[in-house]
Amino acid sequence: MKFGIDRLIAEPALRAPLAGKSVALVAHPASVTASLAHSLDALAALPDLDIGAAFGPQHGLRGDKQDNMIESPDFADPVHGMPVFSLYGQVRRPTAAMMETFDVALVDLQDVGCRIYTYTTTLKYMLEAAAEHGKSVWVLDRPNPVGRPIEGLKLRPGAESFVGCGPIPVRHGLTLGELGRWFVETLKLDVDYRVIEMEGWRPDAAPGFGWPLGERAWINPSPNAPNLFMARAFPGTVMVEGTTLSEGRGTTRPLELVGAPDLHARALMAEMRRLAPGWLDGCVLRDCWFEPTFQKHAGGLCAGIHIVTDGAAYDHARFRPWRLSALAFKAIRALRPDYPLWRDFEYEYETGRMAIDVICGGPALREWVDDPAAGVLDLDEAAREDEAAWSDNRRRFLLYPEP
């Protein structure tokens, strides 16, 4: 199959509208061609393209920033000499001065198919700035590595943040190019927007179910996204960032692990099975021990659960990571009502709101966990309503046929 970047390089006709235009690239370390050349190098080598600037999202153009809320500076690219502007430094939105450096922005970002992953918000902000300043935006499309499934509550009005780009569920099932189409229509943006589509993307095909496993190398789109299996678990385990539990940062399997020094993993798994056995489908849970080298519980031995999605038991259609992590929280609360589960700290520069509420796009999940009278069906029914509405809403924005 071909990603958008590969088609733009291979097909001069696609580049023809860029003749005489100044071009900027929005990219990160996973912005690579099929031969693993970085997109900035590959595009700068084209004689008919004028690349004069680049932009780096959260974690930087080079992926140099390990954790959240660690900012990247602007710098001059040492190879090409062009300015590289940070969209996770002094600003999150491109400034008027930045927008004056180009006519067309090429966005080549590998997403992971989750509303909370900030590259979707960076795309939204670039589209809004382009509409304001009369610039064009092209998305060089890449796979949604977790495919088409939809899951989770949608973000509630007033809960927008840098990890909440709009009223969509946690697992949205769109590529970045498709999501850009949704932004343009929903926000009523007057902007020249184009998508260089992929060829041969089959999100229903095993074994990758969204990612061309065995055909394309996985390059970390952020430092703690080391493999496809992290991406599969992420729509659930990202919520662990808002808790006192470790999500496995500082280990070799970040965001596939959930644990803490004072947990009893087997008792937790048993309670999860008792509460909602169907929410454990599609994967294997194994109790394990791990010692983070940084972040939460660094240097402490944690008892935890490993969410395994890289084995024969993985079932793409049945795996529901958002429900799985929500269930873990509910089971902890059932076993230990006074457990200090929610972490109170500034999350993505948001103050005055619990971190878990910022991540989840509202307080509904936290309130469900903390309410002993709220059962599994309460959350399931609310999520199903949002999921069905999004399934209908997104259909007209799809660029690739559904199975």
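Predicted model only: the values in this text are computed from it and were never measured.
Side-chain rings of Trp201 and Trp211 stay apart, their centers remaining 6.0 Å or farther from each other. Ring-centre distance between Phe319 and Trp279: not below the 6.0 Å cut-off.
Because its NZ or CZ atom is not both nearer than 6.0 Å to the ring centre of Phe229 and within 45° of the ring axis, Arg232 does not count as a cation-pi partner of that residue. For the pair Arg253 and Phe290, the NZ or CZ position fails the cation-pi test of under 6.0 Å to the six-membered ring centre and within 45 degrees of the ring normal. Annotation: cation-pi pair Lys330/Trp368 present, NZ/CZ under 6.0 Å from the ring centroid and within 45° of its normal. With Tyr125 as the aromatic partner, Arg92 does not meet the cation-pi criteria of under 6.0 angstrom to the ring centre and within 45 degrees of the ring axis.
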**OP:** Carefully, step by step, assess Ser222 and Tyr119 under the rule side chain to side chain donor-acceptor pair (under 3.5 Å).
**Re:** CA-CA 10 Å; Ser222 59; Tyr119 303 144; 4.8 Å; no
**OP:** Step by step, work out the salt bridge (charged side-chain N to carboxylate O under 4.0 Å, His left out) result for Asp338 and Arg336.
**Re:** CA-CA 6 Å; Asp338 296 328; Arg336 300 173 63 181; over 6 Å; no
**OP:** Decide yes or no on side chain to side chain contact (heavy atoms under 4.5 Å, CB included) for Gln90 and Asp74, but give the supporting numbers first.
**Re:** CA-CA 9 Å; Gln90 295 299 311; Asp74 297 345; over 6 Å; no
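Shown here is Asp190, whose CG atom has no more than 12 heavy atoms of other residues, nucleotides or ligands within 6.0 Å. Asp344 CG: 12 or fewer foreign heavy atoms inside a 6.0 Å radius.
With Val195 as the partner, the side-chain contact (heavy atoms from CB on, under 4.5 Å) test is satisfied by one option alone out of Thr175, Asp141, Val107: Asp141.
Looking at Arg156 and Asp386, their side chains come closer than 4.5 Å, going by heavy atoms from C-beta outward. Arg171 has its side chain out of reach of Ile150: every pair of non-hydrogen atoms, C-beta onward, lies at least 4.5 Å apart.
The existence of a salt bridge linking Glu247 and Arg343 is excluded, since no basic side-chain nitrogen approaches an acidic carboxylate oxygen closer than 4.0 Å. Between Asp370 and Arg333, at least one side-chain N (NZ, or NE/NH1/NH2) sits under 4.0 Å from a carboxylate O, which counts as a salt bridge.
Side-chain contact, Asp41 with His80: a donor N or O sits under 3.5 Å from an acceptor N or O. If you check the side chains of Glu241 and Gln295, you find no donor sitting under 3.5 Å from an acceptor. In this model, a donor atom of one side chain and an acceptor atom of the other lie less than 3.5 Å apart for Gln58 and Thr118.
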